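Bear in mind that the values here come from a model prediction, so they are computed numbers and not experimental data. No hydrogens, no waters, no symmetry mates; every other heavy atom, side chains included, goes into these values.
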Amino acid sequence: MTFRPLHDRVLVKRVEEESKTKGGIIIPDTAKEKPQEGEVIAAGSGTIKDDGTVRPLDVKAGDRILFGKWSGTEVTIDGQELLIMKESDILGIVG
């Protein structure tokens with residue numbers, strides 16, 4: 001299945017966090033929080049401004065981003081858990 005986000009929405013795949021701390025302690029799955037970092041899989045064409053022109057998004061496919069803990073809507077596409085969120089939910093691009 002292919003999915004193309006519309007307007008100012010982006011499709012994001014969460015990046016898995018380390019299962020060990022820096023000190024070597026293994027974190028069990030029940031204690032892990034959902035990662036707030038992800039990779040943009042697909043992005044919409046942009047925001048439509050009041051004058052009818054389109055402002056392109058600042059993110060593109062392949063960018064690593066940070067987003068809020070409760071951002072986006074979880075969806076499953078081809079058995080893969082992904083998030084759909086608005087560009088405004090994205091806090092920044094990880095360089």
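Here Glu37 pairs with Arg64 in a salt bridge; the nearest charged N to carboxylate O distance falls below 4.0 Å.
Scanning both residues, Leu11 and Phe3, for their nearest heavy atoms gives CD2-CD2, 3.8 Å. Of all non-hydrogen atoms in Glu87 and Arg55, the two that sit nearest each other are OE1-NH2, 2.8 Å. Annotation for Gly72 and Leu83: closest pair C-CD2, 4.4 Å, computed over non-hydrogen atoms. Minimum heavy-atom separation, Ile41 to Ala61: O-CB, 3.4 Å.
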Let's go through Val10 and Ile84 carefully: what are the C-alpha distance in whole Å and the side-chain angles of both, what is the deciding distance for side-chain contact (heavy atoms from CB on, under 4.5 Å) to 0.1 Å, and is it a yes or a no?
CA-CA 6 Å; Val10 292; Ile84 299 172; over 6 Å; no
Trace of the side-chain contact (heavy atoms from CB on, under 4.5 Å) decision for Thr73 with Met85
CA-CA 6 Å; Thr73 302; Met85 65 181 67; over 6 Å; no
Could you check Val94 against Ile65 for side-chain contact (heavy atoms from CB on, under 4.5 Å), going step by step and ending with a plain yes or no?
CA-CA 5 Å; Val94 178; Ile65 60 167; 6.0 Å; no
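Using a 4.5 Å heavy-atom cutoff, the side chains of Leu82 and Val12 are not in contact. A heavy-atom distance below 4.5 Å is found between the side chains of Ile93 and Val59. Here the side chains of His7 and Thr47 are not in contact, with every heavy-atom distance at 4.5 Å or above.
Atom CG of Leu6 and atom OG of Ser45 lie 7.5 Å apart (nearest 0.5 Å). Rounding to the nearest 0.5 angstrom, the gap separating the OG atom in Ser71 from the CD1 atom in Ile90 is 9.0 Å.
Qualifying salt bridge (Lys or Arg N to Asp or Glu O under 4.0 Å) partners for Asp63, counting only residues two or more places apart in sequence or in other chains: Lys60. Every residue meeting the side chain to side chain contact (heavy atoms under 4.5 Å, CB included) condition with Thr53, not counting sequence neighbours, appears here in chain and number order: Lys49, Asp51.
Side-chain atoms of Glu39 never come within 3.5 Å of backbone atoms of Arg14 as a donor-acceptor pair (strictly under, hydrogens ignored).
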